[in-house]
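Written below as structure tokens is the structure these notes are about.
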Amino acid sequence: MELFLNGNWIKIVLNKMKNKLNILNEFSEYPKLRYCTLSETSAEKFYHELLNERFGNAVIEKTDLEVNIDYTAGYTSSFLDEAFGNLVFDFGLETVNKHLVIISNDEPYWLDMIKSETFKEWQKRRKENNAPKKTKSHLPWYRFVDNTLGKKIWIEHV
Amino acid sequence: MCEINWEILVNFIGIIVNGFLAWWIVNSIQKRMKDERTIKDHFILEIKDLRGDCRGLLTSIFSGKRTPDEMIFSLKLIGIKSTHLLDIFDTNFKISKNYLNQYLVEINQIITDDSNFIANANTNNKITLSDQTQRAILRFQAQHQMVFNNLILLVNDCSYVSMNK
């Protein structure tokens with residue numbers, strides 16, 4: 001894409017721009033617990049309303065998704081585990097590592113937990129097809145299966 | 001006529017130069033050691049403050065004076081303080097910035113996975129954690145009671161590397 005600005009042609013390479021998701025600005029200052037039935041600002045809600053859709057689009061566009069988890073009032077470990085764990089369950093660890101960038105300057109120990117514990121455990125769940133619990137019905141969401149990205153309701157809520 | 005004794009003069013200059021060098025070396029080393037000690041003492045106090053914050057949080061949690069939101073916020077403040085302190089330690093003392101990672105994640109897990117915490121997360125009432133969680137916190141404190149003391153020992157034993165160099 002090219003723009004004519006101040007007498008100059010400026011080339012914008014769109015496919016190199018990073019998609020960004022800021023939890024404070026786009027979701028909540030108070031992200032809380034794992035499931036929709038436990039809290040209004042749950043990881044399940046965050047995943048299905050924002051993270052899955054944005055990440056799926058980033059995979060389709062062959063770009064990265066940058067998720068900034070700074071500046072909220074804090075996290076429970078279960079929120080981060082459920083949100084980023086579901087991503088690994090639906091897309092696989094290789095795709096997540098390739099397209100996801102998490103920014104946490106305030107609390108970098110969460111990155112350590114997500115990468116060393118959450119990703120490994122949820123990749124194991126993906127291989128064993130140990131599906132995550134859904135406590136509410138959700139709109140169709142992306143999942144990477146047999147090298148194909150599909151979008152449907154993969155799990156009915158309990 | 002006075003004749004210059006070059007040997008005496010050279011020796012005299014040598015003594016003065018050596019004396020100046022000795023004074024300069026002792027003075028600069030002493031200053032460096034004093035500066036390093038002052039910096040280490042400051043950071044040791046910061047570690048003690050951090051340990052005090054952690055103990056204060058756990059004490060207030062045990063006495064049922066905190067709401068779930070307050071607990072998460074306090075954990076976050078402790079996390080930010082640890083991060084900034086360990087960033088400096090990593091740069092200036094070559095101590096791993098991940099030193100407290102496990103401690104910070106584990107204490108968050110124990111508190112926020114508690115059944116009373118989960119039940120009151122929406123209403124945000126002041127809560128007392130379940131007996132099971134309180135026992136888990138006591139076990140956690142026992143297992144990690146040396147973590148801050150060991151960090152103090154590390155800071156004390158490491159050489160300070162100035163960022164200005």
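First the proteins, then the strands, lettered A, B, ... as listed; each starts at 1. Model, not experiment: these values are computed from the prediction.
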Look at the aromatic rings of A:Phe91 and A:Tyr142 and report parallel, tilted or perpendicular, splitting at 30° and 60°. tilted
Proximal component of A:Tyr75, with respect to chain B [non-hydrogen, under 4.5 Å]: backbone
Contact part of A:Leu38 toward chain B, heavy-atom cut-off under 4.5 Å: side chain, backbone, both or neither? both
Could you tell me whether the side chain of B:Ile95 reaches within less than 4.5 Å of the side chain of B:Val155, counting heavy atoms only? yes
Please look at B:Asp87 and chain A and tell me whether the side chain, the backbone, both or neither of the residue comes under 4.5 angstrom of a heavy atom of that chain. neither
Which atoms of B:Leu75 come close to chain A, meaning under 4.5 Å heavy atom to heavy atom: side chain ones, backbone ones, both, or neither? backbone
Sub-6.0 Å ring centroid separation between B:Tyr103 and B:Phe140: yes
Can you tell me which portion of A:Thr72 sits under 4.5 Å from chain B's heavy atoms? Options are side chain, backbone, both or neither. both
Please determine whether side-chain hydrogen bond (donor to acceptor under 3.5 Å, both in side chains) holds for the pair A:Lys134 and A:His48, giving the CA-CA distance in whole Å, both sets of side-chain angles, and the decisive distance to 0.1 Å. CA-CA 10 Å; A:Lys134 304 294 174 189; A:His48 284 280; 2.9 Å; yes
Can you measure from CD (A:Glu26) to CG (A:Asn68) and round to the nearest 0.5 angstrom? 10.5 Å
Sub-6.0 Å ring centroid separation between B:Tyr99 and B:Phe89: no
A:Asn105, part contacting chain B, at a heavy-atom distance under 4.5 Å: backbone
Considering only heavy atoms and a distance below 4.5 Å, find which of B:Leu77, B:Leu104, B:Ile111 pairs most often with chain A. B:Leu104
Interface check, chain B: of A:Gly74, A:Ser116, A:Ser77, most non-hydrogen pairs under 4.5 Å belong to A:Ser77
Just give me the residue among B:Leu86, B:Asn98, B:Asp113, B:Val105 that pairs up with chain A most often, heavy atom to heavy atom, under 4.5 Å. B:Val105
Does the side chain of B:Ile137 reach to within under 4.5 Å of the side chain of B:Phe62, using non-hydrogen atoms? yes
